[in-house]
Amino acid sequence: MILFSKRNLFYDDYKWSSYLNNDSRIHGKLDSTLFDHHEGNEVIYLINKLMVLWDYRFSNTGNKMEKLIHDKLPPEIRTQEDVRDWIKANLKF
């Protein structure tokens with residue numbers, strides 16, 4: 001289920017690489033795969049996974065996640081799992 005898409009992004013400075021459909025950076029479960037917060041496809045994928053996981057249904061919640069990732073993600077947070085845990089600890093409503 002896609003809840004958040006490219007048109008919902010607040011920032012427009014992402015790079016847009018091509019991935020195979022089964023690439024772990026944009027497919028499957030969140031795991032120890034390295035996360036590139038400059039890559040739009042990875043940001044959208046991660047936001048959608050978290051919105052489904054935590055049962056969020058509004059794109060403005062995705063924008064809050066995006067702003068956290070874009071502006072505040074510490075450089076030592078490098079894997080999808082670490083980003084998930086960091087967002088859970090830092091997402092405020």
Side-chain angles (χ1 to χ4, degrees):
M1 174 185 300
I2 302 295
L3 301 170
F4 193 82
S5 68
K6 187 175 182 177
R7 68 179 175 81
N8 298 115
L9 290 171
F10 181 79
Y11 298 101
D12 62 2
D13 59 348
Y14 297 105
K15 61 184 176 182
W16 298 95
S17 302
S18 294
Y19 294 100
L20 296 175
N21 287 339
N22 63 349
D23 191 308
S24 63
R25 294 173 289 181
I26 60 162
H27 181 77
K29 65 178 189 160
L30 300 178
D31 58 17
S32 61
T33 300
L34 292 179
F35 176 74
D36 181 354
H37 71 281
H38 300 291
E39 175 56 56
N41 293 307
E42 293 185 39
V43 171
I44 290 170
Y45 165 72
L46 188 117
I47 289 171
N48 274 302
K49 291 297 278 190
L50 295 179
M51 289 181 73
V52 169
L53 178 67
W54 297 331
D55 199 30
Y56 295 139
R57 303 228 184 262
F58 301 104
S59 63
N60 66 335
T61 304
N63 288 120
K64 289 179 182 186
M65 290 184 210
E66 179 197 6
K67 289 175 184 178
L68 274 176
I69 292 167
H70 189 277
D71 297 338
K72 297 183 179 182
L73 186 69
E76 65 272 11
I77 305 295
R78 305 213 36 224
T79 68
Q80 293 173 346
E81 292 170 318
D82 291 342
V83 175
R84 175 199 62 211
D85 296 343
W86 182 83
I87 288 175
K88 187 172 187 177
N90 291 280
L91 185 64
K92 307 289 186 247
F93 292 98

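- Of the candidates L3, N8, I47, S59 forms a side chain to side chain contact (heavy atoms under 4.5 Å, CB included) with just one, namely N8.
- Taken together through direct or relayed side-chain contacts under 4.5 Å among Ile, Leu, Val, Met, Phe, Trp and Tyr, I26 and V52 form part of one hydrophobic cluster.
- The hydrophobic clustering, which links ILVMFWY residues whose side-chain heavy atoms are closer than 4.5 Å, places L73 and L91 together.
- Between N63 and L9, the closest heavy-atom pair is ND2-C, 4.2 Å.
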Criterion side chain to side chain contact (heavy atoms under 4.5 Å, CB included) on V43 and Y11, from CA distance to verdict = CA-CA 11 Å; V43 171; Y11 298 101; over 6 Å; no
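- Side-chain contact between T61 and L50 is absent, with no heavy-atom pair separated by less than 4.5 Å.
- When all heavy atoms are compared, the tightest approach of S32 to E81 is N-OE1, 3.5 Å.
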Side chain to side chain contact (heavy atoms under 4.5 Å, CB included) evaluation trace for K64 with F58 | CA-CA 10 Å; K64 289 179 182 186; F58 301 104; over 6 Å; no
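- A donor-acceptor pair under 3.5 Å is formed between the side chain of Q80 and the backbone N or O of D31.
- The side chain to side chain contact (heavy atoms under 4.5 Å, CB included) test with K6 singles out one residue from I44, N41, D12, and that residue is I44.
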From CA spacing to verdict: salt bridge (Lys or Arg N to Asp or Glu O under 4.0 Å), R25, D23 = CA-CA 5 Å; R25 294 173 289 181; D23 191 308; 2.6 Å; yes
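- Using a 4.5 Å heavy-atom cutoff, the side chains of T79 and L34 are in contact.
- Hydrophobic clustering (side-chain heavy atoms under 4.5 Å, transitive across Ile, Leu, Val, Met, Phe, Trp, Tyr) groups F10 together with L68.
- A pairwise comparison of heavy atoms in M51 and R57 identifies CE-C, 4.2 Å as the closest pair.
- For K29 (side chain) and K49 (main-chain N/O), no donor-acceptor pair under 3.5 Å exists by modelled atom type.
- Residues F4 and M65 are not in side-chain contact: their nearest non-hydrogen atoms beyond the backbone lie 4.5 Å or more apart.
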Could you give me the CA-CA distance, side-chain angles and deciding distance for Y45 and L30, then say whether side chain to side chain contact (heavy atoms under 4.5 Å, CB included) is met?
-> CA-CA 10 Å; Y45 165 72; L30 300 178; 3.8 Å; yes
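- In this structure, W16 is not a member of the same hydrophobic cluster as L20, with clusters built from ILVMFWY side-chain heavy atoms closer than 4.5 Å.
- Using the six-membered ring where Trp is involved, Y14 and H70 have ring planes that are perpendicular, over 60° apart on the 30 and 60° scheme.
- Closest non-hydrogen pair, V83 versus F35, comes out as CG2-CD2, 3.6 Å.
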Could you please spell out the steps behind the side-chain hydrogen bond (donor to acceptor under 3.5 Å, both in side chains) verdict for Y19 and E42?
-> CA-CA 10 Å; Y19 294 100; E42 293 185 39; 2.7 Å; yes
